[in-house]
Structure formats: structure tokens, C-alpha cells
S.K.: 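Shown below is the structure under consideration.
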Amino acid sequence: MIDVGGNASANAIYEALLPENFKKPGPEASSEKRSDFIRHKYELQEFVKPSLRTVSSSSSSRSSSVQYRFSSNSLGHILEQKPTGKTIHGSRLSGLSHAFRKSWRKREPENKELKRNSLLGMVEFLGLLKIKVVKGTNLAVRDMITSDPYVVLTIGHQTVKTRVIRSNLNPVWNEELMLSVPNPMPPLKVKVFDKDTFSSDDSMGEAEVDIEPLVSAAKAYMNSGIIGPMQIGKWLATADNALASDSTINLIDGQVKQEVTLKLQNVESGTLQMELECVPLSQ
């Protein structure tokens with residue numbers, strides 16, 4: 001978990017491995033260059049120390065198989081295969097090359113679509129969302145008399161999850177996770193699963209959280225100089241949302257936070273308690 005204390009601290013973390021000869025795009029740069037840089041910085045986290053990265057599963061798998069090398073005047077990257085220390089000869093090399101080309105052709109439309117969606121749908125990142133998954137209460141039974149629950153959080157293409165707690169319908173995680181907040185701003189999707197060993201994991205409910213009020217409040221009070229504590233807003237529990245009780249947005253020690261208790265949907269029972277905090281970012 002990355003401990004982010006503000007804009008300067010966050011930028012220091014997210015640009016820790018930025019090449020010395022690389023020039024960040026300024027205000028005069030094209031929107032495409034700026035959005036590309038922001039995507040590499042926040043979504044793919046390519047300048048963050050490996051031990052601090054919290055990227056989506058798709059981004060993580062790409063990072064483990066390739067290396068990115070940046071030039072001083074472009075964000076274009078060159079894919080380099082990591083050396084394996086083994087020598088491949090003759091027909092075996094030819095066969096592997098053919099298989100690689102065939103595999104790449106199959107994935108090319110998907111990769112183009114993903115790149116197009118990233119450029120169109122993730123023009124910039126507004127900040128970081130720190131989520132503390134506190135506990136679950138009266139969760140659904142999926143293994144005879146109990147369950148092995150864990151929580152999956154998703155914003156856009158980013159996904160993180162908690163650890164599994166064995167044989168517990170009232171698990172206490174107290175686990176902090178973090179996701180970037182893209183613009184346009186999708187909801188925070190929350191899913192609870194029961195971990196199974198010999199079959200696919202069973203659903204234990206889901207919910208969505210509208211994070212726009214929290215992000216808007218964080219942007220408004222970021223440079224206000226007000227420390228708090230004070231209540232900024234209140235989100236009422238209704239039949240149209242997944243709130244189990246009213247949720248308040250508060251300013252505490254200069255940080256904008258929101259306590260949320262969710263009534264899990266599409267399941268027979270269960271609530272999930274979380275604490276959200278938004279940290280606005282600037283380049």
C-alpha cells in the first residue's frame with residue numbers, strides 16, 4: 001500500500017523511476033501526448049518502484065513480460081523481450097516465431113480497441129482513491145455452513161482485491177487498497193466472492209458506489225486551508241442506491257473522507273463497511 005500524503009508526495013512516488021533525460025509534456029503539449037503520459041504514469045504505473053505498484057491485472061501481466069524504454073522526446077515505447085539465458089536453435093526457433101506472429105495477429109484487434117478506449121475514455125486522471133475495506137457482516141453462506149470471502153474493487157480497467165478470510169461470515173479485513181480516478185468518472189464497483197479450490201469462486205453479492213460527490217468535495221477543499229473536522233455533505237440511503245445507511249463526507253485533518261456501509265445486491269444477505277478517501281493529483 002502506498003502512503004500518499006498530498007500532491008508533492010504522490011508525484012514523488014509516481015515519478016520515482018522517471019528517466020533523467022525524459023521531459024514531461026507541458027501545458028503547450030498536445031492533449032494526446034499529455035493523456036498518454038498520464039496513462040503511463042498513473043494507470044500503468046511504469047515510473048513507480050516495483051514494490052509499490054498497485055496496477056490492474058491486465059497491466060501487471062504486460063509489465064511482467066515486457067520492458068518499456070522511453071526516448072527523450074516521445075512517449076512511444078519499444079517492446080523488448082527479457083533474456084532467458086537459453087539458446088534456441090533451428091526449427092524450434094522458427095516454430096516459436098511462427099506461433100508468436102500467429103498469436104499477435106489474433107490479439108491485434110483487441111489491443112487496438114483497448115488503446116482506442118484508453119485514449120477516448122481516460123483522457124486524464126483526477127486523483128487517487130484510497131479504499132479501506134473494514135468488514136463484512138452477515139455474509140451469505142456458500143460452503144455448507146460458512147464461506148471464505150474476499151472483496152474485489154474495480155474502477156474502469158483497474159482491479160484490486162483483499163486477502164481471503166477463511167470460514168467467516170463476519171470477516172474483518174481492515175485492509176487498505178488504492179485505485180486511480182479517471183475522467184470521465186466511472187462508479188466504484190464492489191464484488192464479494194467465496195474462494196473455492198476446485199471450482200470457480202462463488203458470488204456473495206455486489207454493489208456500486210458513486211464517487212463523484214467525494215471527488216468533487218476533495219477538489220473543492222484541496223487548497224482551502226481548512227483543516228476541519230467538518231461535515232461537507234451527506235448521501236442518503238434510498239431504494240435507488242446500495243447504501244445500508246446514510247453516508248457522510250467529512251473533512252478530517254485536511255483530508256476528505258467518506259464512510260460507506262453497502263447493502264450487497266443480488267444475494268440473500270450481507271453488508272460491507274468501507275472508508276473512502278480521495279487525494280486529488282496534479283502533474
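Just so you know, residue 1 is the first one in the sequence shown, and it goes up from there. Keep in mind that what you see is a predicted model, and the values were worked out from it rather than measured.
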S.K.: Apply the test side-chain contact (heavy atoms from CB on, under 4.5 Å) to residues Ile155 and Ile211: give CA-CA distance (whole Å), side-chain angles for both, the deciding distance (0.1 Å), then the verdict.
M.R.: CA-CA 10 Å; Ile155 294 181; Ile211 61 174; 4.1 Å; yes
S.K.: Does Leu236, at its CG atom, have more than 12 non-hydrogen atoms belonging to other residues, nucleotides or ligands within less than 6.0 Å?
M.R.: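 Counting other residues, nucleotides and ligands, CG of Leu236 exceeds 12 neighbours.
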S.K.: Assess whether side-chain contact (heavy atoms from CB on, under 4.5 Å) is satisfied between Leu128 and Ser180, documenting all intermediate values.
M.R.: CA-CA 5 Å; Leu128 299 175; Ser180 300; 3.7 Å; yes
S.K.: Does some side-chain heavy atom of Leu139 sit less than 4.5 Å from a side-chain heavy atom of Thr271?
M.R.: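 They are not in contact (no side-chain heavy atoms under 4.5 Å apart), so the answer is no.
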S.K.: Within this structure, what is the CG-NZ distance for the pair Asp202 and Lys195, rounded to the nearest 0.5 Å?
M.R.: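 Going from CG on Asp202 over to NZ on Lys195, the span is 11.5 Å.
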S.K.: If you define the side chain from C-beta out and look only at heavy atoms, does anything of Leu243 sit under 4.5 Å from Val260?
M.R.: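 Sidechains of Val260 and Leu243: in contact.
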S.K.: Does either side chain, that of Asn266 or that of Glu206, offer a donor lying less than 3.5 Å from an acceptor on the other one?
M.R.: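 Yes, side-chain donor-acceptor contact under 3.5 Å.
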S.K.: Might you point out which heavy atoms bring Trp173 and Pro149 nearest each other, and give the distance in Å?
M.R.: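 Looking at all heavy atoms of both residues, the closest pair is CZ2-O, 3.6 Å.
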S.K.: Do Ile131 and Leu179 come within less than 4.5 Å of each other through their side chains, counting heavy atoms only?
M.R.: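 Side chain of Ile131 against side chain of Leu179, heavy atoms only: contact under 4.5 Å found.
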S.K.: Applying salt bridge (Lys or Arg N to Asp or Glu O under 4.0 Å), run through Glu175 and Arg163 and close with a yes or a no.
M.R.: CA-CA 8 Å; Glu175 188 168 343; Arg163 69 187 186 280; 3.0 Å; yes
S.K.: Look only at the side chain of Asn250 and the backbone of Ile252, and say whether a donor-acceptor pair between them is shorter than 3.5 Å.
M.R.: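 Checked: no pair found.
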S.K.: Any chance you could measure Ser147, atom OG, to Arg166, atom CZ, to the nearest 0.5 Å?
M.R.: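 It comes to 11.5 Å.
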S.K.: What closest approach, in Å, do Lys234 and Thr248 show between heavy atoms, and which atom pair accounts for it?
M.R.: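 What the structure gives for the nearest pair is CG-CG2, 4.0 Å.
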S.K.: Please assess Val209 against Trp235 for the test side-chain contact (heavy atoms from CB on, under 4.5 Å), listing each intermediate value before the final yes or no.
M.R.: CA-CA 11 Å; Val209 180; Trp235 187 15; 3.8 Å; yes
S.K.: Side chains of Gln258 and Glu275, heavy atoms from C-beta outward: is any pair under 4.5 Å?
M.R.: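 In short, these two side chains do not touch, never coming nearer than 4.5 Å.
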S.K.: State, yes or no, whether a side-chain contact exists between Val192 and Val267 at a heavy-atom distance under 4.5 Å.
M.R.: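 Sidechains of Val267 and Val192: no contact.
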S.K.: Looking only at non-hydrogen atoms, find the nearest pair between Leu214 and Lys257 and report the distance.
M.R.: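 That closest heavy-atom pairing would be CD1-C, 4.2 Å.
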S.K.: Would you check if Leu126 and Met185 make a side-chain contact, meaning some heavy-atom pair closer than 4.5 Å?
M.R.: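 In short, these two side chains touch, coming nearer than 4.5 Å.
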S.K.: List the atom of Ala140, the atom of Glu268, and the distance in Å for their closest heavy-atom pair.
M.R.: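 Heavy atoms of Ala140 and Glu268 come nearest at CB-OE2, 3.5 Å.
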S.K.: Write down the atom of Lys130, the atom of Val279, and the distance for their closest heavy-atom approach.
M.R.: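 Smallest interatomic distance, heavy atoms only, reads CD-CG2, 3.9 Å.
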S.K.: By the rule that ILVMFWY residues connect when side-chain heavy atoms come within less than 4.5 angstrom, directly or transitively, which residues belong alongside Tyr150?
M.R.: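 Val152, Val164, Phe193, all in the cluster of Tyr150.
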S.K.: Kindly indicate whether the side chain of Leu169, heavy atoms from C-beta on, has any atom under 4.5 Å from the side chain of Thr146.
M.R.: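 The answer is yes; the side chains approach within 4.5 Å.
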S.K.: Nearest 0.5 angstrom please: Leu262 CG to Thr137 OG1, how far?
M.R.: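 Those atoms lie 11.5 Å apart.
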S.K.: Given Ile232 and Val256, is the side-chain contact (heavy atoms from CB on, under 4.5 Å) satisfied, shown in steps?
M.R.: CA-CA 9 Å; Ile232 300 173; Val256 178; 4.2 Å; yes
S.K.: Within the side chain of Thr154, is there an N or O that forms a donor-acceptor pair under 3.5 Å with the backbone of Thr159?
M.R.: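 Side chain of Thr154 to backbone of Thr159, a donor-acceptor pair under 3.5 Å: no, none is there.
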S.K.: Look up atom CG in Asn241 and atom CD in Gln265, then write down how far apart they are to the nearest 0.5 Å.
M.R.: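 Between atom CG of Asn241 and atom CD of Gln265 there are 9.0 Å.
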S.K.: I'd like to know if the side chain of Arg142 reaches the main chain of Ser203, judged simply by a donor and an acceptor atom lying under 3.5 Å from each other, with no hydrogens or angles considered.
M.R.: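 Indeed, once roles are kept as given, a pair shorter than 3.5 Å links the two residues.
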S.K.: What's the separation between atom NZ in Lys189 and atom CD in Gln158, rounded to the nearest 0.5 Å?
M.R.: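 Here the interatomic distance stands at 13.0 Å.
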S.K.: Is there a donor-acceptor contact under 3.5 Å from the side chain of Thr261 to the main chain of Ala244?
M.R.: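 No.
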S.K.: Measuring from atom CD of Glu259 to atom NZ of Lys132, what distance do you get when rounded to the nearest 0.5 angstrom?
M.R.: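 Glu259 CD to Lys132 NZ: 10.0 Å, rounded to 0.5 Å.
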S.K.: Restricting to non-hydrogen atoms, name the atom on Pro187 and the atom on Glu208 that form the minimum distance, rounded to 0.1 Å.
M.R.: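 Heavy atoms only, the tightest pair is CG-OE1, 3.6 Å.
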S.K.: Just by modelled atom types, is the Glu212 backbone N or O under 3.5 Å from a matching donor or acceptor in the Asp210 side chain?
M.R.: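 Yes.
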S.K.: Can you find a heavy atom in the side chain of Asp143 that is under 4.5 Å from one in the side chain of Asp194?
M.R.: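 In contact.
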